[in-house]
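Structure, as structure tokens:
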Amino acid sequence: MSSERLVIRGGKRLVGEVSICGGKNAALAVIPAALLTNDVCTIENLPDIDDIDVLSQMLAYIGAKVTITGRSMTIDPSGVDKSEVPADLASRIRGSSYFLGALLGRCGHSYVPLPGGCNIGQRKMDQHFKGFNQLGAVVKEYEDAVEVESDMLVGTEIYLDMPSVGATVNILLAAVTAKGDTIISNAGKEPHIVDLANMLNAMGARIRGAGTNVIRIKGVEKLHGCTYMIIPDQIETGTLMIAAAATGGDITIHGAIPVHMEALTAKLFEMGVRVYEGDDMIRVVSGGYHRAVNIETLPYPGFPTDLQQPMAALLTCAHGTSTINETIFENRHQHIAQLVRMGADADVNGRIATIRGVEKLHGAQIVATDLRAGAAMIVAALMADGISEIENVHYIDRGYEHIEDKLRSLGAQIERIIV
Ligand code: EPU
């Protein structure tokens with residue numbers, strides 16, 4: 001079987017201008033929301049990535065009519081006649097779990113094989129199930145699937161044990177058309193949760209407080225169609241910011257939302273990187289000398305777990321010793337072993353990675369062990385002397401749109417090959 005690899009000759013400064021596409025995780029939450037009406041919804045600014053492909057196949061399987069024109073997806077869910085999703089699709093992406101909340105809200109039943117996504121930790125779903133239960137649904141957990149069912153969902157107060165992104169999204173999807181009021185306390189505050197609430201409100205939902213840790217939902221009987229443009233991808237933005245710093249570059253990123261990037265911007269400042277912000281642009285300028293920093297991943301607005309992996313690559317050549325404490329996922333340091341193969345001086349002890357800065361990385365044959373580990377490999381290869389070959393590119397394609405084209409337009413020497 002053939003597979004694809006990215007081949008990168010490191011050492012080129014990234015310079016120039018680049019645009020950001022719509023957010024992967026926003027798209028994964030917003031697209032299933034279209035199932036909560038029988039009208040047509042159009043979602044604009046979608047990224048061209050594999051996860052969105054899988055989601056559109058899932059929609060088509062359950063009977064929705066999906067039309068994709070450029071970056072817009074039009075969903076006509078009036079023909080939906082199934083509330084079960086096939087395992088071969090569902091298991092490929094984490095976002096398939098949002099069909100649980102969306103189909104439960106739509107038709108009172110949903111059967112979804114356990115969601116896939118990156119192998120970065122246990123990724124439990126107990127808070128999703130607690131929320132569904134408290135809204136009046138019965139949750140059946142099978143060995144490899146979940147089924148939820150309810151005659152009538154009734155609003156209630158739900159306290160999340162941790163501000164889970166997925167549980168907040170799923171509960172929002174189920175609760176918008178429940179009878180009465182729902183309050184989600186200790187809710188996730190991520191920008192894509194706000195995006196989902198905005199889309200649902202554009203469909204006639206009554207949600208307040210998204211973006212704070214208490215979200216209040218007044219159940220409505222019916223939602224209607226809408227046209228909605230999703231927010232730019234803050235992880236793509238952050239990855240490019242880190243890549244620019246890593247190469248001592250000077251890039252301007254258009255179409256980004258600077259306020260979403262504050263935790264990263266603050267760390268880059270601390271390292272000695274200059275970051276300039278405009279309304280929807282960010283310029284990153286680096287002189288190539290970086291100080292070591294300590295990072296602790298936290299729910300938004302803390303430092304995003306999705307950016308600690310590319311950040312680890314940047315820190316391999318910073319002056320001094322850095323630590324990264326990954327508090328969200330228990331197995332998100334697999335990329336460190338790959339960085340060591342490239343000459344990094346780093347080790348992992350439980351949730352903490354310690355990185356002692358070295359002069360230079362060297363090119364190597366490396367593996368993307370998950371999506372953001374793939375981003376870390378790209379950053380490391382861009383910094384390294386010589387040629388690197390990154391395997392498992394399919395992980396990277398799940399979340400980054402034509403990454404090699406964007407990097408090449410900024411001056412990187414990067415090629416995709418089939419082996
Ligand atoms: N958790 C539980 N019980 C639950 C839900 C979560 O114990 O019911 C735990 C998880 O095991 C994890 C932590 O809480 O340790 C956070 O999980 P969360 O639910 O917030 O994450 P998620 O919804 O599974 C989303 C993104 C991830 C991103 C995290 C954190 C999507 C589709 N995925 O995952 O994105 O890392 O939030 O911000 O939105 C990525 O894009 O590479 C990615 C992995």
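Since we're looking at a predicted model, the values are computed, not measured. Ligands are counted one by one from 1 in listed order, and the atoms in each one are counted from 1 as well.
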Should you measure from each heavy atom of [X], which atoms of ligand 1 turn up under 4.0 Å away?
X	value
Leu371	42 (O)
Leu28	32 (C)
Gly166	19 (O), 23 (O)
Gln127	3 (N), 4 (C), 8 (O)
His128	8 (O)
Arg332	36 (O), 40 (C), 42 (O), 43 (C), 44 (C)

Contacts table for residues 229-245: side-chain donor-acceptor under 3.5 angstrom, sequence neighbours left out:
from, atom 1, to, atom 2, distance (Å)
Asp233, OD1, Ile235, N, 2.8
Asp233, OD1, Glu236, N, 2.9
Asp233, OD2, Lys24, N, 2.8
Glu236, OE1, Cys21, N, 3.0
Glu236, OE2, Lys406, NZ, 2.6
Thr237, OG1, Asp233, O, 2.7
Thr239, OG1, Ile235, O, 2.7
Thr239, OG1, Tyr400, OH, 2.8

Residue that, paired with Thr74, satisfies side chain to side chain donor-acceptor pair (under 3.5 Å) out of Thr42, Thr227, Thr69, Thr67: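 Exactly one option meets the side chain to side chain donor-acceptor pair (under 3.5 Å) with Thr74, and it is Thr42.
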
Any nitrogen or oxygen of [X], main chain or side chain, under 3.5 Å from a nitrogen or oxygen of ligand 1?
X	answer
Glu330	no
Thr305	no
Phe329	no
Val165	yes
Ile328	yes
Glu190	no

Which pair of heavy atoms, one from [X] and one from [Y], lies closest together, and at what distance?
X	Y	answer
Leu36	Arg106	CD2-N, 3.8 Å
Cys41	Ala34	CB-CB, 3.9 Å
Leu104	Ala174	CD2-CB, 4.2 Å
Ala384	Gly363	CB-N, 3.8 Å
Ala344	Thr316	CB-CG2, 3.5 Å

Beyond-backbone contact of Glu190 with Ile193, side-chain heavy atoms, under 4.5 angstrom: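 In short, these two side chains touch, coming nearer than 4.5 Å.
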
Selected option - heavy-atom contact closest to atom 34 (O) of ligand 1, from Gln308, Arg123, Gln309, Arg94: Arg123

Identity of the nearest option to atom 9 (C) of ligand 1, non-hydrogen atoms only, from Met162, Lys130, Met125: Met162

Under 4.0 angstrom from ligand 1, any heavy atom of [X]?
X	value
Gln122	no
Ile120	yes
Tyr98	yes

Region of [X] engaging ligand 1 - heavy atom pairs below 4.0 Å:
X	answer
Arg372	side chain
Lys24	side chain
Lys124	both

Stepwise salt bridge (Lys or Arg N to Asp or Glu O under 4.0 Å) test for Arg71 and Glu401: CA-CA 12 Å; Arg71 293 188 173 280; Glu401 176 183 303; 2.5 Å; yes

If you look only at distance, which donor and acceptor atoms sit under 3.5 Å apart when one is on a side chain in residues 46-66 and the other is two or more places apart or in another chain?
from, atom 1, to, atom 2, distance (Å)
Asp48, OD2, His402, NE2, 3.0
Asp51, OD1, Arg398, NE, 2.9
Asp51, OD2, Arg398, NH2, 3.1
Ser56, OG, Asp53, O, 3.0

Check: Lys12 side chain, Met383 main-chain N or O, donor-acceptor pair, under 3.5 Å: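 Between the backbone of Met383 and the side chain of Lys12 there is no qualifying donor-acceptor contact (under 3.5 Å).
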
Derivation of the salt bridge (Lys or Arg N to Asp or Glu O under 4.0 Å) call for Glu389 and Arg5: CA-CA 6 Å; Glu389 225 176 276; Arg5 290 186 187 169; 2.8 Å; yes

